Protein chains: 2
Amino acid sequence: MTTTSKRPLTLRDVSDACGVSEMTVSRVLRNRGDVSAATRDRVLAAAKTLGYVPNQIAGSLASQRVNLVAVIIPSLSNMVFPEVLNGINQTLEDTPLQPVVGVTDYLPEKEERVLYEMLSWRPSGVIIAGLEHSDATRAMLGNAGIPVVEIMDTDGKPIDAMVGISHRRAGRETARAILKEGYEHIGFMGTKMPLDHRARKRFEGFTEGLAKAGVEIEDRAFYSGGSALAKGREMTQEMLERSPDLDFLYYSNDMIGAGGLLWLIDQGIDVPGTIGLAGFNGVELLQGLPRQLATMDSCRRQIGQTAARIVMSDIGDTQDEGEPRQQTLTPTLSYGDTLRRRRKG
Amino acid sequence: MTTTSKRPLTLRDVSDACGVSEMTVSRVLRNRGDVSAATRDRVLAAAKTLGYVPNQIAGSLASQRVNLVAVIIPSLSNMVFPEVLNGINQTLEDTPLQPVVGVTDYLPEKEERVLYEMLSWRPSGVIIAGLEHSDATRAMLGNAGIPVVEIMDTDGKPIDAMVGISHRRAGRETARAILKEGYEHIGFMGTKMPLDHRARKRFEGFTEGLAKAGVEIEDRAFYSGGSALAKGREMTQEMLERSPDLDFLYYSNDMIGAGGLLWLIDQGIDVPGTIGLAGFNGVELLQGLPRQLATMDSCRRQIGQTAARIVMSDIGDTQDEGEPRQQTLTPTLSYGDTLRRRRKG
DNA sequence: GTGAAAGCGCTAACAA
DNA sequence: TTGTTAGCGCTTTCAC
């Protein structure tokens, strides 16, 4: 099979090879319309022997439909986003739709560029992280004439559809749970990322949740770069040296939380008796730590799946059209071993 | 700017809007050929006002060149692969080339399907993980008429170009280092993945390295699924209960190694005195553990960068053509805190 | 059940 | 510097 040809094969080549019109070959290759079993087999055989691979570029241009879904996320290093991608991939698996990923590095200008490039492929839909975009980005999304699903965050107004969780609420609920356990002197640690709106909203919700009970964050620290686990260690040590009276530490993500937890265990400090801890994301990765960090699941995979389903139903590539265009999922708080304070007496 | 139009805009629309031929508009939008500053500005203004986004589908078909690079990897959950992707992304950043990712889940049939779909977009190059592929996959790659870079593994013969490390050698060198430190009773733990050829080769190399010194692996265990950290814990406990005489544990990846390390620390077992440990990959994520696991860097980012550079130089999209088509990188062994045995006496 | 003609939106090549 | 013409490889539409 197959000969080493410089020029890629065309429908024409297959047509020639089996004495059937290009049109019919095309029909066979797409399982479209009625084709007799006989010609069908001949065509398939010829295509296989030649090693023909259809040209989607030409196909898409002619049919005016592109089976691509643009997926735009801030980062691939964060673990969180590959998981969303997995959800999307999985849901799109058995459809003709193919996700194409673009990475923005949390930069609005880059988001704009990436979106522009993706739209130039005329995808059938866009799944994009977050609700905050530059005006140009919003304009492009609004005018693309295709379904747009903004994911991961629902604190705001979507351009079109939206699936995610309320990070503000996540922060508030965590604050409530912490206070309910009787902790009162609370420190916060997170990333120094003004453009990570979800982390910001979580922080705001958290502050707000404390404020309702008249409590204020007593110390805070922000980091950037480096291994999150190591940073969590360092920052925790520094914060406790600076503010020894703290009895709870809220981390904006599980990795730094885990670093803090490991350091506290090292120091022989009683967790959650002397100090309680909580992170955010519910990363599976961390199951297996000496103690399970309290955390709140961010529903990443489900978000991916749902977003993909919305796009599918918009395009009409599925029967069950019933996918709501705005979905706020409810994250669950896991207390793990670091939030349930042992009752005094 | 921009009106909500159902039909996407075409060059024609821009042409009409600014009274300049489609051809010239096209030239402006691609910075091609000489265009007077005046028309240039008019065109740009019109395009911006309308919110025109070029149609790459049509452009690629007409120009017979597609600025896409297909990247085919087994998984997105593994951390290792997103890092390779980051390397590719970074290198392709300032070129017109765009990576498009396909995931195979370690399944040869899926690899075949994914490759077929990617090739149908007529990408300018393919970067694909591993050297082991089905016959059909090899045929497609061989006949595509574009640069093909097989990455991550160099134990075998590439179809075209190849960048990676020798996993066999990695296993051997680790074995050598372990023996040199005086460990003699060695256990192995890894994933139960017959299709992960790199892990297999590492294991073979390791066995071989030990064999040269007349040493055999005394116990082994394989897992699948679940949190690697948790699995590392469990398996380590089970193995040491089963084979209490072991004085070294080699893990096929850092995550299970870290799980093992955490368990041993919990138990108060002397590492690396009583038992030594080593993993593989050099994942940055784990910096910050109470003790640093010995590991061997798998050069992931560099592999991505180099593969991208090979594709670029093949396409002629870069000046420095000098990128060798076969590169075996040399991973460094980090002893961390778990491999250097304290000398007796 | 099969084929012929037209054209998707752009760019290469050439003409002016 | 700008415009015209002729496709790129497929699919739509309509005819047979």
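None of the values given here were measured: they were computed from a predicted structure. Every chain is numbered from 1 and lettered A, B, ... according to where its sequence line falls, protein lines coming before strand lines. Only this structure's heavy atoms are used, side chains among them; waters, hydrogens and symmetry mates stay out.
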Self-check item: Proximity to DNA chain C (any heavy atom under 4.0 Å), residues of residues 35-42 of chain A only
Solution: A:V35, A:S36, A:T39
Quiz item: In Å, rounded to the nearest 0.5 Å, how long is the span from OH of B:Y52 to CG of B:L29?
Solution: 6.0 Å
Quiz item: Side chains of B:E112 and B:S134: donor-acceptor distance under 3.5 Å anywhere?
Solution: yes
Exercise. Find out whether A:S63 and A:R30 are in side-chain contact, i.e. whether some heavy atom of one side chain is under 4.5 Å from a heavy atom of the other.
Key: no
Quiz item: Say you draw a straight line from CD1 of A:I310 to CD of A:E150; how long is it, rounded to the nearest 0.5 Å?
Solution: 11.0 Å
Practice problem: Would you check if the side chain of B:D314 reaches a backbone N or O of B:P147 as a donor-acceptor pair within less than 3.5 Å? | Solution: no
Quiz item: Does B:S124 reach the main-chain N or O of B:V66 with its side chain, forming a donor-acceptor pair under 3.5 Å?
Solution: yes
Practice problem: Give a yes or no on this: more than 12 heavy atoms of other residues, nucleotides or ligands lie within 6.0 Å of atom CZ of B:R12. | Solution: no
Exercise. Five pairs at each end of the helix from C:dG1-D:dC16 to C:dA16-D:dT1: take the axis at both ends and give me the angle between them to 10°.
Key: 30°
Quiz item: Can you tell me how far C1' of D:dG3 sits from CG of B:D34, to the nearest Å?
Solution: 15 Å
Quiz item: What does nucleotides 9-16 of chain C look like as a protein-contact string, B for base, S for sugar-phosphate only, - for none, at under 4.0 angstrom between heavy atoms?
Solution: BBBBB---
Quiz item: Residues two or more places apart in sequence or in another chain: which of them pass side-chain contact (heavy atoms from CB on, under 4.5 Å) with B:S15?
Solution: B:E22, B:V25
Practice problem: Name all residues meeting the side-chain hydrogen bond (donor to acceptor under 3.5 Å, both in side chains) criterion together with A:D105; count only those two or more places apart in sequence or in a different chain, and write none if there are none. | Solution: A:K110
Quiz item: So, is B:T24 close to the D:dG3 phosphate, meaning a side-chain N or O under 4.0 Å from OP1 or OP2?
Solution: yes
Practice problem: Can you sort out the partners of B:D153 under side-chain hydrogen bond (donor to acceptor under 3.5 Å, both in side chains), two or more places apart, ordered by chain and number? | Solution: B:K201
